[in-house]
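Every value quoted in this text rests on a predicted model; they were computed, and no experiment measured them.
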Amino acid sequence: MDYRRYIAERILIDGVKKEEIEENLAVPPDSSMGDYALPCFKFAKVLRKSPVAIAEELKEKFPVGGEIKEVSAVNGYLNFKVDKRSLAEEVLNQILTEKERYGASEEGKGKTVCIDYSSVNIAKPFHIGHLSTTVLGGALYRIFQFLGYRAVGINHLGDYGTQFGKLICAYKHWGNKEEVEKGGIHAVNDLYVRFNNEATEEMEKEAREYFRLIESGDQEANALFEWFKELTLSYVKKIYDKLHISFDSYAGERFYTDKMQPVIDELNEKKLLKESEGAKIVDLEKFNMPPCLILRSDGASLYATRDLAAAIYRKNTYDFDKCLYVVAYQQNLHFKQVFKVLELMGKEWAKDLVHVAYGMVSLEDGAMSTRKGKVVWLEEVINKCVEKAYTVIDEKNPALENKAEVAEKVGVGAVVFGALYNNKIKDIVFSYDKALNFEGETSVYVQYTCARARSVLDKAIAEGYSWNDGIIEPCASEAELIKALASFPATVKAAAENYEPSYIARFAVDAAQKFNKFYIDCKILQAGDEERKFRLRLTQAALIALTNALTLLGIGVPDKM
RNA sequence: GCACCGUUAGCUAAGCUGGAUAUAGCGUCGGUCUACGGAACCGAAGGCCAGGAGUUCGAAUCUCUUACGGUGCACCA
């Protein structure tokens, strides 16, 4: 039921369109005032009457009955109360019919969205700073799929650059096979860190040579590189599995090695390439931006060159309707430049490229620094959260059967949720205190709420109850819960439009709070027949909506915890 | 210096296209209490929405400006 339209269609104001009335319908701050409100101040000028009088008049004319049960005029506002009973019936039917598809839609049918996220660097372990892009991208991937889009997840590997020459050089000097095999990616990273701290000028020179060797296809250099890549990918895939993250493509920077020349040629043809200080650039001064560097003075390509090639490749390969780059805001300028260059190249689809920028993660004592060893590994955070979850379960529910499995869902959920609960643009200061807090506005709270709901439903089944129908006039806490649940489809849509999974996280907490209120206020199993059936339906609907929300975020929902 | 972003309760944050008394969680204080799961619920204290100006009937929300903080600004990615 579209109440706004319903109301707008039944209000007549001279010289004001229905659409305008519909747009102006707001939600009162307190639901005891009403479910919808029309502020009448705007119409005062046209009608040459006071808002109070207008509201009063409109109230008299409004046909009460049907979907709107009550209309009142208060201080220039026209307040509407909807028929809660029919709203309840409608919402419950919808949720219980659509189940795990509740909130989904077909609006993206036939459309493709590419999502570039996580984009790990070869030879570097995951630290807490990589969490946002991974988990944001993963959530957006699911959200777009849920809305009917074809989603293409791309892990744009950081596998190109002189750093790999350095790495190979460090390995040749200080490393050996056994150590790396034993220590895995951390051992590789240690070599890289050591290089940065101890390398002599001679070694720096050597490193550049090794990089050149990789590029020219030297067998030994490439074998080493591939080995490091393998190590990295098998390491990150374990973490991706835990976080419920997957990709359709691992085409990283190296993949574009042979795809950059055509771009450079095209830039030349279109007379966009200029020589400046020995380098080749695209001048963006007209657009109030520094130039976009395409080729270094030694002829080597740059980050931007590869991103241009990648964008074109993606358009050709996937024919996307939208291509998202889930990358921290440090790279705002870089993407602005790349998008502008594509636009100048005449790619009309440049408008479909979106930099989904998010804030940085720092530690309580300042920025992270791999070199100083001031870094928090993601794996460690996940492990600690899972351990903590296990301890709490042991304490609160020692008889639980699959403790480890549940602890995994709870612990990982807390990590994911922590990264998705706030607006993505905000910087985050990581602290274990916060990460390990399982109370209040957390995924654990939502999961707990789900377990509670499920427990009631299980008991109802055990008692032999069924609840295919049953409707009563909802009380306040029931009505609040229903309204919250009803907002889920719009929430999913808004989350996609704004690239903000946090909307869904906020929905989950809000709906869980309303469920808990309902749960405390209303007896479910001990209620009368009709009430019980209604409340069981409501409980099941809440469980469905909450489960769908957490699932979209990549968070598991244990049956018991 | 220029550009972009941020600034809301002690702390961490919501607040979508301007609307009625600014909303939560954590923390603090005080309750519920023996249950359909207390990882819960209720209440209290706590705010010149960074400062100023403007637009408007109406501004946390839009515009300008100042301050503070963050990020970026030529051959790293």
Expected rows: protein N/O vs nucleotides 25-31 of chain B N/O, under 3.5 Å:
from	atom 1	to	atom 2	distance (Å)
B:rG25	O4'	A:E441	OE1	3.3
B:rG25	O4'	A:E441	OE2	3.2
B:rG25	O2'	A:E441	N	3.3

For nucleotides 18-20 of chain B, which of its nitrogen or oxygen atoms have a protein nitrogen or oxygen under 3.5 Å away, and what is each distance?
from	atom 1	to	atom 2	distance (Å)
B:rG19	O2'	A:Y77	OH	2.1
B:rA20	O4'	A:Y77	OH	3.4
B:rA20	N6	A:N79	OD1	2.8
B:rA20	N1	A:N79	OD1	3.2
B:rA20	N1	A:N79	ND2	3.1

Please output the side-chain donor-acceptor pairs of residues 389-401 of chain A that fall under 3.5 Å, not counting sequence neighbours, one pair per line with the distance.
from	atom 1	to	atom 2	distance (Å)
A:T391	OG1	A:E387	O	2.9
A:D394	OD1	A:K403	NZ	2.7
A:N397	ND2	A:M561	O	2.7

Exercise. Mind jotting down which residue pairs meet the ring pair (Phe, Tyr, Trp, His ring centres under 6.0 Å) criterion with at least one end in residues 433-464 of chain A? Sequence neighbours excluded, please.
Key: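 Applying ring pair (Phe, Tyr, Trp, His ring centres under 6.0 Å) to every pair that reaches into residues 433-464 of chain A, excluding sequence neighbours, yields nothing.
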Exercise. Please name all residues satisfying side chain to side chain donor-acceptor pair (under 3.5 Å) with A:S32, sequence neighbours left out, ordered by chain then number.
Key: A:D30
Quiz prompt | Nearest-Å distance for atom pair CG/C1', residues A:N422 and B:rC11 | solution =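 Roughly 13 Å, once rounded to whole Å.
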Exercise. Could you tell me which residues satisfy salt bridge (charged side-chain N to carboxylate O under 4.0 Å, His left out) with A:R535, sequence neighbours excluded, listed by chain and number?
Key: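 Here the qualifying residues are A:E478, A:E531.
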Practice problem: With sequence neighbours left out, write down each residue that passes salt bridge (charged side-chain N to carboxylate O under 4.0 Å, His left out) with A:D116, or none if nothing qualifies. | Solution: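 Counting only residues at least two positions away or on another chain, A:D116 forms a salt bridge (charged side-chain N to carboxylate O under 4.0 Å, His left out) with A:R314.
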[X]: what forms a side-chain contact (heavy atoms from CB on, under 4.5 Å) with it, not counting sequence neighbours?
| X | value |
| --- | --- |
| A:T257 | A:Y160, A:E215, A:R254 |
| A:K205 | A:R208 |
| A:D521 | A:S477, A:K517 |

Please list each protein N or O that sits under 3.5 Å from an N or O in nucleotides 1-8 of chain B, with the distance.
from	atom 1	to	atom 2	distance (Å)
B:rU7	OP1	A:K426	NZ	3.1

At a cut-off of 3.5 Å, list every protein nitrogen or oxygen paired with a nitrogen or oxygen from nucleotides 44-46 of chain B, distance to 0.1 Å.
none

